[in-house]
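Inspection log for the structure reproduced underneath, given as structure tokens.
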Amino acid sequence: MAVLIVLLGPTGIGKTDISIQLAKKYNAPIVSSDSRQFYRELKIGTAAPTEKETKEVEHFFIGSHSILDNYNAGQYEEDAINLLDELFKKHNVVILVGGSMMYIDAVCNGLDEIPNVPTEIREFWQEEFKNKGLSHIQQELFRLDPKHYKEVDLKNPKRILHALEICLTTGNPYSDLRTGKKKKRNFEIIKIGLNKPRQELYEQINLRVDKMIEKGLMEEAKQYYPFKNLNTLNTVGYKELYAHFDGEITQQEAIDLIKKNTRNYAKRQLTWFNRDKEITWFHSKDEENIFQTIDFRLKDKK
RNA sequence: GGGCAGAUACCAAAGUGGCCAACUGGGGCUGACUGUAACUCAGCUGUCUUUCGACUUCGGAGGUUCGAAUCCUUCUCUGCCCA
């Protein structure tokens with residue numbers, strides 16, 4: 001029986017470490033569901049697994065893309081599922097590790113079929129928003145997709161813009177495509193969540209950011225400064241440094257901001273994960289119990 | 001020792017007799033989120049209460065006043081200046 005062990009949790013909790021132990025134990029390859037570790041240019045700032053680690057255990061979706069690529073959760077779903085089909089031919093167990101909430105859900109539950117948006121359409125709505133404001137795009141959404149207008153967070157421009165993009169791309173209301181249906185996968189899923197008391201998590205995050213700076217995050221970020229406007233670089237650890245390079249804030253302010261934004265991100269991850277009742281949670285240091293539980297659940301599946 | 005300035009909620013910082021449980025920012029907490037998602041967005045942040053509302057607060061003590069974070073006296077502490 002093919003089993004996907006999903007190891008998730010907030011950033012900085014220690015997922016990489018445990019994933020490698022699990023991989024060795026079950027002779028399982030690791031598939032990343034970290035939407036920023038996909039990018040080979042972002043190593044230090046995403047705390048990507050080291051070369052040593054990726055040699056020890058087979059990893060996928062680590063450094064698989066460039067920040068110049070246009071990648072998204074929908075494509076990831078397709079790519080990841082195809083990959084898993086291949087991997088399960090040779091392995092009984094595969095490990096999915098990462099903290100990108102929607103990407104994990106894409107693999108476990110699937111996303112609706114939504115076409116990619118042409119650049120011109122994306123830019124068109126962005127201009128509309130920039131020039132005419134939020135209320136204008138709200139009205140446009142009301143006109144093009146009244147159903148979604150009622151459901152969407154009307155104060156959130158990104159969500160409205162996305163809906164409008166799809167309306168214009170397909171010629172139909174976005175809500176027509178939103179089924180919310182869960183896809184059936186041909187593998188079993190065991191979801192393991194890693195967490196620890198908030199204060200400890202935050203301290204660990206703060207420390208990790210300092211270490212990233214020591215390891216040369218400034219230099220790494222500087223290398224891609226010319227691309228700072230890319231969405232892929234709208235990432236904690238980089239955007240703050242670009243604000244510093246632009247002279248908006250001091251270096252220390254940038255570092256403190258990275259810490260804060262990472263903490264806030266961790267909290268957002270936890271909020272998302274808390275909705276998922278399939279997750280079995282463990283203290284991140286409670287390795288014995290984690291391994292035991294997984295062992296037990298694996299036997300159960302056989 | 002003398003002079004001046006200041007002490008407000010977790011922090012910073014407004015308020016200078018009633019519209020003040022107290023602007024605002026930070027931080028924190030809680031939440032939303034099916035596609036650019038490490039994005040983006042929302043609510044809360046004195047206590048009790050689901051709400052209405054009730055109660056206790058603005059360094060301490062005392063006083064003036066119908067009424068004080070705001071005025072007076074005094075004490076404590078902090079900063080600056082003169083010795």
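Naming convention: chains lettered A, B, ... in sequence-line order (proteins, then strands); numbering from 1 in each chain. Note that the coordinates shown come from a computational prediction; the quantities given were computed from them, not determined experimentally.
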Look at the side-chain N and O atoms of [X] and state whether any lies under 4.0 Å from the OP1 or OP2 oxygen of [N].
X      : N     : result
A:K260 : B:G27 : yes
A:R159 : B:U34 : no
A:N234 : B:U36 : no
A:Y71  : B:U36 : no
A:N72  : B:C39 : no
A:R268 : B:A37 : no
A:H162 : B:U36 : yes

Distance (rounded to the nearest 0.5 Å) between A:L270 CG and A:L8 CG: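 If we round to the nearest 0.5 Å, A:L270:CG and A:L8:CG are 9.5 Å apart.
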For [N], give its Watson-Crick or G-U wobble partner with both distances under 3.5 Å, or none.
N     : answer
B:C4  : B:G79
B:C20 : none
B:A32 : B:U40
B:C52 : none
B:U64 : none
B:A14 : none

Which residue lies more 5' along RNA chain B, comparing A:K158 with A:R263 via nearest heavy atoms: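 Looking at RNA chain B, the more 5' nearest nucleotide goes with A:R263.
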Main-chain N/O of A:T46 paired with A:Q37 side-chain donor or acceptor, under 3.5 Å: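 Yes, the answer is positive, given that a donor and an acceptor are paired below the 3.5 Å cut-off.
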Sidechain-backbone polar pair: A:Y26 side chain, A:Q21 backbone, donor-acceptor under 3.5 Å: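 Not at all, since once roles are kept as given, no pair shorter than 3.5 Å links the two residues.
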A:N234 atom CG, neighbour heavy-atom count above 12 within 6.0 Å: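 Yes, CG of A:N234 has more than 12 neighbouring heavy atoms, counting only those of other groups under 6.0 Å.
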Looking only at atom [atom1], what distance separates [N] and [M], rounded to whole Å?
N     : M     : atom1 : answer
B:G63 : B:C11 : C1'   : 33 Å
B:G6  : B:A13 : P     : 13 Å
B:A69 : B:C77 : P     : 25 Å
B:A37 : B:C19 : C1'   : 44 Å
B:C75 : B:C66 : P     : 28 Å
B:C71 : B:A83 : C1'   : 33 Å
B:A54 : B:A21 : P     : 10 Å
B:U45 : B:C52 : P     : 11 Å

Scan [X] against the nucleic acid and name what it touches under 4.0 Å (heavy atoms): base, sugar-phosphate only, or nothing.
X      : result
A:N274 : nothing
A:G180 : base
A:D34  : base
A:G45  : base
A:R178 : sugar-phosphate
A:Y76  : nothing
A:K182 : nothing
A:T179 : nothing

Salt bridge (charged side-chain N to carboxylate O under 4.0 Å, His left out) partners of A:K150, counting only residues at least two apart: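 Applying salt bridge (charged side-chain N to carboxylate O under 4.0 Å, His left out) to A:K150 gives none.
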Where the side chain of [X] is defined as all heavy atoms beyond and including C-beta, which of [options] is the nearest nucleotide?
X      : options             : value
A:W272 : B:A37, B:C41, B:G28 : B:A37
A:Y174 : B:U40, B:A37, B:U34 : B:U34
A:K267 : B:U36, B:U40, B:U30 : B:U30

A:E113 vs A:K183, salt bridge (charged side-chain N to carboxylate O under 4.0 Å, His left out): CA-CA, chis, key distance, verdict: CA-CA 11 Å; A:E113 297 296 318; A:K183 286 180 197 159; 3.6 Å; yes
[X] [atom1] to [N] [atom2]: how many Å, rounded?
X      : N     : atom1 : atom2 : value
A:Y39  : B:C39 : OH    : C1'   : 12 Å
A:E165 : B:U40 : CD    : C1'   : 13 Å
A:M102 : B:U36 : CE    : P     : 7 Å
A:L270 : B:G31 : CG    : P     : 10 Å
A:K155 : B:A32 : NZ    : P     : 16 Å
A:Q269 : B:U30 : CD    : C1'   : 16 Å
A:Q75  : B:A37 : CD    : C1'   : 15 Å
A:L111 : B:A37 : CG    : P     : 11 Å

Residue list, side chain to side chain donor-acceptor pair (under 3.5 Å) with A:S32, at least two apart or on another chain: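 For A:S32 there are no side chain to side chain donor-acceptor pair (under 3.5 Å) partners, ignoring immediate neighbours.
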Residues which pass side chain to side chain donor-acceptor pair (under 3.5 Å) with A:N186, listed by chain and number, not counting sequence neighbours: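 Expected list: none.
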Geometric class of the A:H65/A:F38 ring pair [parallel <30°, tilted 30-60°, perpendicular >60°]: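 Plane angle between 30° and 60°, so tilted.
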Residues forming a side-chain contact (heavy atoms from CB on, under 4.5 Å) with A:E127, sequence neighbours excluded: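 A:E127 satisfies side-chain contact (heavy atoms from CB on, under 4.5 Å) with A:K130, A:N131 once adjacent residues are dropped.
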All side-chain contact (heavy atoms from CB on, under 4.5 Å) counterparts of A:Q138, not counting sequence neighbours: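 Expected list: A:L134, A:S135, A:Y149, A:L154, A:I160.
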Residues from residues 192-218 of chain A lying under 4.0 Å of RNA chain B - heavy atoms: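 Under 4.0 Å from RNA chain B: A:R198, A:Y202.
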